[in-house]
2 protein chains.
Amino acid sequence: MARAASTVEAGDSAERILQILSESARLFATNGYDGTSMRDIAEACGISKSLLYHHFTDKDEIFARIALGSTRELYQFVFDRLPEGATPTERLRAFMVATGEYFQRYRWAWLASTSAFWSDPEQRRQKERMMWRDRYEGLVRTLIQQAIDAGEFRPLDVPLAGRLVLSALNWMHRWYKPDKGMPAPQIADAYFDMIFRGLRAE
Amino acid sequence: MARAASTVEAGDSAERILQILSESARLFATNGYDGTSMRDIAEACGISKSLLYHHFTDKDEIFARIALGSTRELYQFVFDRLPEGATPTERLRAFMVATGEYFQRYRWAWLASTSAFWSDPEQRRQKERMMWRDRYEGLVRTLIQQAIDAGEFRPLDVPLAGRLVLSALNWMHRWYKPDKGMPAPQIADAYFDMIFRGLRAE
DNA sequence: GCAAGTATTGACCGATCGGTCAGCGGCCGC
DNA sequence: GCGGCCGCTGACCGATCGGTCAATACTTGC
């Protein structure tokens with residue numbers, strides 16, 4: 001029975017599932033949700049289209065797994081990298097740099113998630129995903145508020161300042177080329193410097 | 001005669017084309033390029049699908065007209081609103097506010113243009129569009145460089161600073177709701193204030 | 001060796017897509 | 001009055017889509 005061999009079976013199955021998710025993320029990131037067919041995914045994996053439906057119920061589930069996974073992991077990845085004893089300012093810098101690092105490392109999943117903004121699957125299920133997204137975005141607002149309370153930041157429209165920070169990070173995918181220019185964490189750090197100190201001469 | 005969604009009874013071809021472009025922009029903005037079918041556009045206009053092909057060669061041409069038009073107009077709109085005698089700093093502020101104003105006024109076309117980033121038509125033709133986009137982006141870099149030369153800005157990585165400014169403006173479409181909150185030009189102005197002066201306490 | 005379960009496949013389905021085409025009807029110049 | 005033109009239509013096409021299903025290969029417990 002499958003009891004004793006469950007590890008092996010789960011291992012085989014899990015590897016295949018990981019492969020499907022990985023290839024799907026790459027394709028979604030490159031061609032968008034609607035621009036990627038189940039046939040494309042199957043071909044990229046070197047398997048039949050039917051096998052996709054053996055491991056996933058439908059196309060939406062593949063995408064949802066990628067989007068939810070990357071959104072949850074982004075939050076945890078960034079949260080784990082906030083230095084505990086540091087000032088809010090330094091923690092905000094760490095927030096931005098960690099986001100850049102995550103973006104660089106899991107770029108396909110990031111791109112896939114953000115690419116489907118205009119397609120249906122975004123609004124449909126995705127409730128749990130939005131919860132993690134809200135936590136992530138809440139984090140930056142909390143840090144900004146703490147920086148204000150600590151006197152490190154001047155009084156600000158906190159939601160708008162948060163949006164400025166997130167805009168810089170979230171827009172990176174539209175122009176960032178991994179082969180050339182600065183690595184993403186360094187870009188994030190430079191962004192922090194400009195936003196924190198401002199552009200004007202001192 | 002059949003009643004249309006919009007009131008266009010006269011057989012004027014130019015008006016009909018404008019109607020098609022307007023409805024298409026709204027649909028592309030809402031559902032994306034792939035998520036909008038020619039049948040959808042025809043239905044929204046209250047006309048037959050065949051008539052679309054009477055006025056346009058294919059779906060791509062409709063989109064290209066919208067995207068090129070809005071990109072060119074954005075540049076001209078913003079360029080015309082840069083105060084001539086002002087300092088580079090004030091001109092950069094005007095650049096951002098004008099972009100917010102354009103975004104607010106021609107939101108559907110803006111959204112349609114940016115939504116198709118992940119679909120094919122973006123890369124296909126669109127050469128002329130990219131020229132205007134490059135001019136627009138070059139403008140912000142020029143203003144930043146002039147501000148540095150005038151001693152108003154500290155020495156900066158100019159392309160990156162330009163990207164920061166453009167990120168704030170370009171990401172607005174992902175969260176901006178026209179019904180509530182600040183109007184877009186005011187948001188752009190607040191962004192400028194934060195980027196120029198920085199977040200830190202003085 | 002056998003039964004059971006799982007991974008995997010190709011053939012197939014209805015729906016929808018972008019796009020085509022022959023033709024209809026009203027208006028305008030002659 | 002009439003012939004050509006233009007805005008306009010519905011019927012239709014091949015391709016592709018997401019998804020289904022019955023059947024096959026392989027593994028594994030007994």
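Per chain, numbering begins at 1; letters A, B, ... match sequence-line order. Owing to the predicted nature of the structure, the values given are computational and were not obtained by experimental measurement.
- Rounded to whole Å, the distance from CD1 on A:I41 to P on D:dG19 is 10 Å.
- If you find the closest nucleotide of DNA chain C to B:T57 and to A:G46, the one lying nearer the 5' end belongs to A:G46.
- Rounded to an integer number of Å, the gap from CZ of A:F63 to P of D:dG18 is 14 Å.
- Atom CD of A:Q19 is separated from atom P of C:dA7 by 14 Å (rounded to the nearest Å).
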If you restrict it to nitrogen or oxygen atoms, what contacts under 3.5 Å exist between nucleotides 15-17 of chain D and the protein, and what is each distance?
none

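- Between B:H55 atom NE2 and D:dC8 atom P the separation is 5 Å, expressed in whole Å.
- B:K49 has its NZ atom 13 Å from the P atom of C:dC21, to the nearest Å.
- Cation-pi geometry between B:R107 and B:W110 is not met at under 6.0 angstrom from the ring centre and within 45 degrees of the axis.
- Proximity note for A:I47 (side chain, C-beta onward) versus C:dT9, D:dG7, C:dG18: the nearest is C:dT9.
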Side-chain donor/acceptor pairs under 3.5 Å, residues 177-187 of chain A, sequence neighbours excluded:
none

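- Because its NZ or CZ atom is not both nearer than 6.0 Å to the ring centre of B:F28 and within 45° of the ring axis, B:K59 does not count as a cation-pi partner of that residue.
- Between the NE2 atom of A:H54 and the P atom of D:dC21 there is a distance of 15 Å, given to the nearest Å.
- Aromatic rings from A:Y136 and A:F79 are positioned such that their centres are separated by 6.0 Å or more.
- There is no side-chain donor-acceptor pair under 3.5 Å between B:D80 and B:Q76.
- Taking atom CG of residue A:L51 and atom P of nucleotide D:dC26, one finds them 15 Å apart after rounding to whole Å.
- Straight-line distance from the OH atom of A:Y53 to the P atom of D:dA22: 17 Å, rounded to whole Å.
- The closest donor-acceptor contact from the side chain of A:S22 to the backbone of A:L18 lies at 3.5 Å or more, if one exists at all.
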